[in-house]
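Heads up: the structure comes next, in structure tokens.
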Amino acid sequence: MVISRKRRLKNSDSVKSFSKLPNHVAIIMDGNGRWAQTRGLPRAAGHRAGVESLRVIVETCCELKIPFLTVYAFSTENWRRPEEEVSILMRLIVEYLRREVDMLDENGIRINPIGKLDVLPEEPRKELYAAAERTENNKQLMLNVALNYGGRMEIVQAAQRLATDVSEEIIKVDDINEDLFASYLYTKGVPDPDLLIRPSGELRISNFLLWQLAYAEFWVTDTYWPDFRKKEFHQALEDFQNRERRFGGIKN
Ligand code: FPP
């Protein structure tokens, strides 16, 4: 039997240093369609190029030791797209996991899908659950992949489960506080994002992590997601290190 050499993330450039880094970065991977359109390509080509951007950003998080990354891959509203595009996106998720899971696992990356996953088509659902199970003890980077995700739906589901637990006397109404509520969200145990990145020039939150982004710093760029690579990520991080975060307080 040939034992293959441990696959490592490409680590070509020297690692840039920052005075302060976010613990958790969230990204709305937007602009795939427009990227393709400007090149006269089908939208699928934009999504495919977007997967490569994701690969690069995961690698960069590992290099910089950023421990949490959450990406918006498919929203509860994305089902409104033509069936063909939805099925291409599902296929890309399956392909990504099949192709990358060994490398992700070997580099200590945990895949944690978040969203209403039970209604996803069988193939991506199975692939996601298998990748999540296989990588669940990894500690280098937690990659939260938001799929069939909607921030409002997440909050409603949390409220429903809380109400059930109150009615079953598992918790008391007086026990409900922000920390307890947060533990009913998909992101239980995950610290809130410090930095939200939105490529493609849109200035919207698009139903993404509505609860968790309460104090996140926003960084937007006109660059479409498929062109968002290490250079653009470094720009966002450089900007972040100069932000003064007051969390509602005043400067000391
Ligand atoms: C938004 O661009 C992007 C999406 C709805 C899908 C994002 C998915 C990927 C990058 C690939 C699959 C994900 C994984 C985890 C492998 P858009 O299509 O809305 O772009 P537009 O606004 O320019 O039309």
Side-chain angles (χ1 to χ4, degrees), residues 9 25-62 68-105 107 109-117 120-121 123-132 134-135 141-151 186 196-209 220-230 232-233:
L9 298 163
V25 177
I27 306 182
I28 300 178
M29 305 187 288
D30 195 16
N32 297 350
R34 281 164 285 166
W35 180 91
Q37 207 173 13
T38 55
R39 287 163 175 74
L41 297 169
R43 292 177 59 84
H47 294 313
R48 206 167 272 286
V51 177
E52 180 56 16
S53 293
L54 175 61
R55 204 190 57 69
V56 172
I57 300 310
V58 166
E59 184 178 309
T60 311
C61 283
C62 288
F68 297 94
L69 173 66
T70 301
V71 292
Y72 206 3
F74 194 89
S75 75
T76 44
E77 290 74 35
N78 286 151
W79 296 107
R80 295 182 195 141
R81 296 186 177 211
E83 217 179 299
E84 194 195 340
E85 184 168 342
V86 170
S87 90
I88 284 165
L89 283 166
M90 295 298 151
R91 176 110 305 272
L92 283 175
I93 289 157
V94 171
E95 280 177 17
Y96 172 78
L97 292 171
R98 287 192 182 150
R99 193 179 58 237
E100 304 275 322
V101 75
D102 288 345
M103 185 279 295
L104 294 168
D105 193 26
N107 286 281
I109 298 163
R110 174 175 175 189
I111 300 173
N112 182 42
I114 58 169
K116 191 161 165 40
L117 305 175
L120 289 175
E123 218 185 2
R125 186 164 32 88
K126 280 192 168 163
E127 221 46 70
L128 280 160
Y129 286 148
R134 175 171 164 187
T135 61
L141 168 69
M142 183 189 244
L143 172 58
N144 301 301
V145 184
L147 277 160
N148 193 26
Y149 175 89
Y186 300 132
L196 171 71
I197 296 175
R198 180 153 196 166
S200 96
E202 306 292 352
L203 301 172
R204 282 189 296 276
I205 197 165
S206 299
N207 204 13
F208 187 43
L209 301 176
V220 294
T221 172
D222 287 336
T223 303
Y224 296 138
W225 174 247
D227 284 331
F228 189 98
R229 299 291 167 94
K230 198 167 177 168
E232 290 71 22
F233 193 34

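In listed order, ligands and their atoms are each counted from 1. All values below were derived from every heavy atom in this structure, side-chain atoms included, with hydrogens, water molecules and symmetry-related copies excluded.
- Closest approach of Glu202 and Arg204 over heavy atoms only: OE1-NH2, 3.2 Å.
- An N or O contact shorter than 3.5 Å is missing between Trp225 and ligand 1 by distance.
- At a heavy-atom cutoff of 4.0 Å, ligand 1 is contacted by no atom of Leu147, backbone or side chain.
- For Arg34, a nitrogen or oxygen atom sits less than 3.5 Å from a nitrogen or oxygen atom of ligand 1, counting backbone and side chain alike.
- Nearest protein heavy-atom contact of atom 1 (C) of ligand 1 is Met29 O, 3.1 Å.
- A donor-acceptor pair under 3.5 Å links the side-chain atoms of Ser53 to the main chain of Pro226, judged by distance alone.
- Within the 4.0 Å heavy-atom criterion, neither part of Val71 lies near ligand 1.
- The main-chain N or O of Pro82 is never found under 3.5 Å from a side-chain atom of Glu85 such that the two would form a donor-acceptor pair.
- Of the protein's non-hydrogen atoms, the one nearest atom 8 (C) of ligand 1 is Ala73 O, 3.7 Å.
- Under the 4.0 angstrom criterion for non-hydrogen atoms, Gly31 is in contact with ligand 1.
- Taking the six-membered ring where the residue is Trp, Phe74 and Trp79 present perpendicular rings, their angle passing 60° and hence far from 30°.
- Between Arg43 and ligand 1, a contact under 3.5 Å exists for at least one N or O pair.
- Ranking protein heavy atoms by distance to atom 5 (C) of ligand 1, first place goes to Asn78 OD1, 3.6 Å.
- Pairing each heavy atom of Ile28 with each of Ile205, the nearest pair is CD1-O, 3.7 Å.
- Considering both main-chain and side-chain atoms, Gly33 comes within under 3.5 Å of ligand 1 through a nitrogen or oxygen pair.
- With a 4.0 Å cut-off on non-hydrogen atoms, Arg81 touches ligand 1 through its side chain and not its backbone.
- In this structure, Ile109 and Cys62 approach most closely via the heavy-atom pair CD1-SG, 3.6 Å.
- For Glu202, the closest heavy-atom approach to ligand 1 does not fall below 4.0 Å.
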